[in-house]
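Remarks on the structure that follows.
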Amino acid sequence: MSTTTPVREAPATDREPAAPPASPRRRRSFRPQLRGLVFAVGLLLLLELLTATVITSLYVPRPSEVAAALGQELRAGDMLSGVGTTMGAYAQGLGIAIVAGVLSGAVLGASRTAWQLFRVVIEFLRPLPSVALIPFSILLLGVGSTTTVAMIVYASLWPILFNTYYGVRGVNEVSIDAARTFGLKRWQIFLRIQLPAAATSIATGIRVSSAIALILVITVEILTRSGGLGYYIVRMQVAIRTEDMYAGIVVVGVLGYAIAVLMSWLERRVVFWNADHRTDGSR
Amino acid sequence: MSTHMATAPEQGSASSGDPILEVRELRKRYRADGPLVCDGLGFRVERGEFVAIIGPSGCGKSTLLRMMSGLLAPTSGTVALDGRTISKPPPEMALVFQDYTRSLYPWLTVEKNVRFPLAGDKKMPAAEKSRRVAEALASVGLTGFEGYYPGALSGGMQQRVAIARAMAFQPQILLLDEPFASVDALTKEGLEDTLLDVRDRLRDAGNTMLMVTHDIDEAIYLADRIVILSKPPCVVAEELQVRLPQPRTQVETRSDPEFLRIRAYIHDVMGLTHQRQAVPGQQN
């Protein structure tokens, strides 16, 4: 033995305060976004140039004309009321889908019997394109916001339902074991461990559905001519008011973008512990 | 054949008449036609003891731990806590898992995580809960981190939270499943000492610790007694007393001749000592 001097025990290495939770997101660069913006503006300018020189079709208006039409239409109020109708149906449909999807997904996740019972029906209904149900829905519910909302619910239900189901099922065994050793009962474990643990997965489902719902609301409005932005777009197309039609399309795009940004912001706030929502809501 | 057969340290199982945990004739098959994981395993843990269970990898340590904590039913045999056979996780017992990233709840703050096992107790006043949480956090050196979320802490700190959570529960016996296997070597030493500190505080309360590990040095450093498991299907191969002075310190204890003797002996028992061939041309 060569130890001679008494040596103190090594100080614990991890006692210093951890650096405050770094916020890589906040810092994460403005620059790439700026670059993307510059590129988009460049594309617009190119399009403006092309439509002013080479492409002189009535059906391809210049971006500046579309912008002017957009301004005018917004002031006129016709389009805004369309936006109101569309977003109303959108919010109703997505809201119902969230409630129904989370509830049914949770029940299916909690009960093996329920899952075995419903599985075949679900697997049959899920791949059915909701657009294929529009004729049926019109017969049953008539043309109008009820059909629109029903179609949105149908299409956006599945991602939420399945993400809830797999989220609840996929909760790791260790966290459940830990709760069991603390004496929690099965339903307590479900409410206090499985559901919160599934929240990240549920949030992903809602994000996916929020995009699907917008596609559905516009599609149904276009197909059933039942008002809203979709109907506005068809109306302008039939009237060959192409600038106004494009203005409507631009508004749909802006809405979609705003929804994606809002959803990923919400996701970061609500399920903040999820390390892997690096996607900026653009998927 | 080993070059040196270490002289045997004092052997022997718990002898006094106050076992808190008694494992009898434990057998486990996961499937009726499957292999035996444990084959008639039995030992006792005295009140206030720190027992380490070591065994070769894959010998069924985790299975044993899950059976002892009531999370898994044995095929035959019993686990008795304070004389009563357990069939579900008993309230007198708490468990610290190896995988702290999974055992902590990332949506709860450190404070709420530690309070979690107490939350369901309607009889305990809130002030008492807060006091216990504060005390448990202080005992692992995490006062001031109440408002942090586990994701913002280092691995070592997260495992401290897990230990504090188990302590706040004030179990009579604390089971630890390879608690430091997922942290780096330096952090591990810090956590080992934290555990010894916690134990010193609670020794008077008769707090018992039972740790499963594959780390021989850690077992000797921490434990009063070591239970060595055989290769699967596992039985108790040997039980050793660890007569090392308290308080134990990383450098002194680990260089104590007794420490080295026990270490060599365990290596022999577990068949880990192998003779290294001299490499021609090298002199040693």
Side-chain angles (χ1 to χ4, degrees), chain A residues 1-25 167 170-189 191-203 267-277, chain B residues 66 69-71 88-91 93-108 116-121 141-142 144-145 148-157 160 162 165-166 169 171 175 183-184 186-187 189-191 193-194 248-253 255-257 260:
Chain A
M1 289 286 72
S2 58
T3 343
T4 46
T5 45
V7 187
R8 304 234 131 215
E9 59 194 89
T13 47
D14 61 343
R15 284 206 189 186
E16 306 92 63
S23 52
R25 274 176 238 112
V171 175
N172 72 74
E173 200 154 301
V174 177
S175 60
I176 292 177
D177 275 355
R180 281 181 66 197
T181 62
F182 298 133
L184 269 69
K185 304 210 169 45
R186 200 168 157 237
W187 61 271
Q188 289 174 314
I189 290 176
L191 286 182
R192 298 189 52 199
I193 309 295
Q194 287 180 281
L195 270 190
T200 54
S201 170
I202 295 172
E267 199 175 351
R268 280 200 300 267
R269 306 293 317 255
V270 179
V271 291
F272 55 87
W273 64 89
N274 185 10
D276 51 40
H277 46 54
Chain B
R66 282 172 60 85
S69 56
L71 289 168
K88 60 177 179 122
M93 189 183 263
L95 203 56
V96 173
F97 298 87
Q98 173 187 339
D99 197 347
Y100 47 81
T101 53
R102 287 159 179 259
S103 78
L104 293 178
Y105 304 122
W107 57 89
L108 299 177
F116 185 85
L118 309 176
D121 191 337
L142 279 182
F145 288 94
Y148 281 66
Y149 285 92
L153 304 179
S154 70
M157 291 169 87
R160 275 171 209 273
R165 182 174 65 175
F169 198 50
L175 266 55
V183 295
D184 63 88
L186 278 177
T187 304
E189 292 191 357
L191 288 171
D193 289 335
T194 301
R248 296 182 182 172
T249 59
Q250 291 288 354
V251 172
E252 283 175 27
T253 304
S255 52
D256 190 304
L260 301 174

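Sequence lines set the chain letters: A, B, ... in the order given, protein chains first and strands last, and positions in each chain run from 1.
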Please look at [X] and chain B and tell me whether the side chain, the backbone, both or neither of the residue comes under 4.5 angstrom of a heavy atom of that chain.
X: E173(A); value: side chain
X: I193(A); value: both
X: A179(A); value: both

Starting from the C-alpha separation in whole Å, work towards a yes-or-no answer on side-chain contact (heavy atoms from CB on, under 4.5 Å) for R66(B) and D177(A). CA-CA 9 Å; R66(B) 282 172 60 85; D177(A) 275 355; 2.3 Å; yes
**Asked** Where does the angle between the aromatic ring planes of W107(B) and W273(A) fall among parallel (under 30°), tilted (30 to 60°) and perpendicular (over 60°)?
**Response** tilted
Checklist line | Side-chain (Y105(B)) to main-chain (S175(A)) donor-acceptor, under 3.5 angstrom | finding: yes
A119(B) and R192(A) have their tightest heavy-atom pair at CB-NH2, 3.6 Å
Of all heavy-atom pairs linking A178(A) and S103(B), the shortest is CB-O, 4.2 Å
Of V183(B), L71(B), L108(B), L175(B), the largest count of non-hydrogen pairs under 4.5 angstrom with chain A goes to L71(B)
In this structure, OG1 of T181(A) is separated from CZ of F97(B) (nearest 0.5 Å) by 5.0 Å
Applying a strict 4.5 Å limit to non-hydrogen atoms, the region of P106(B) in contact with chain A is both
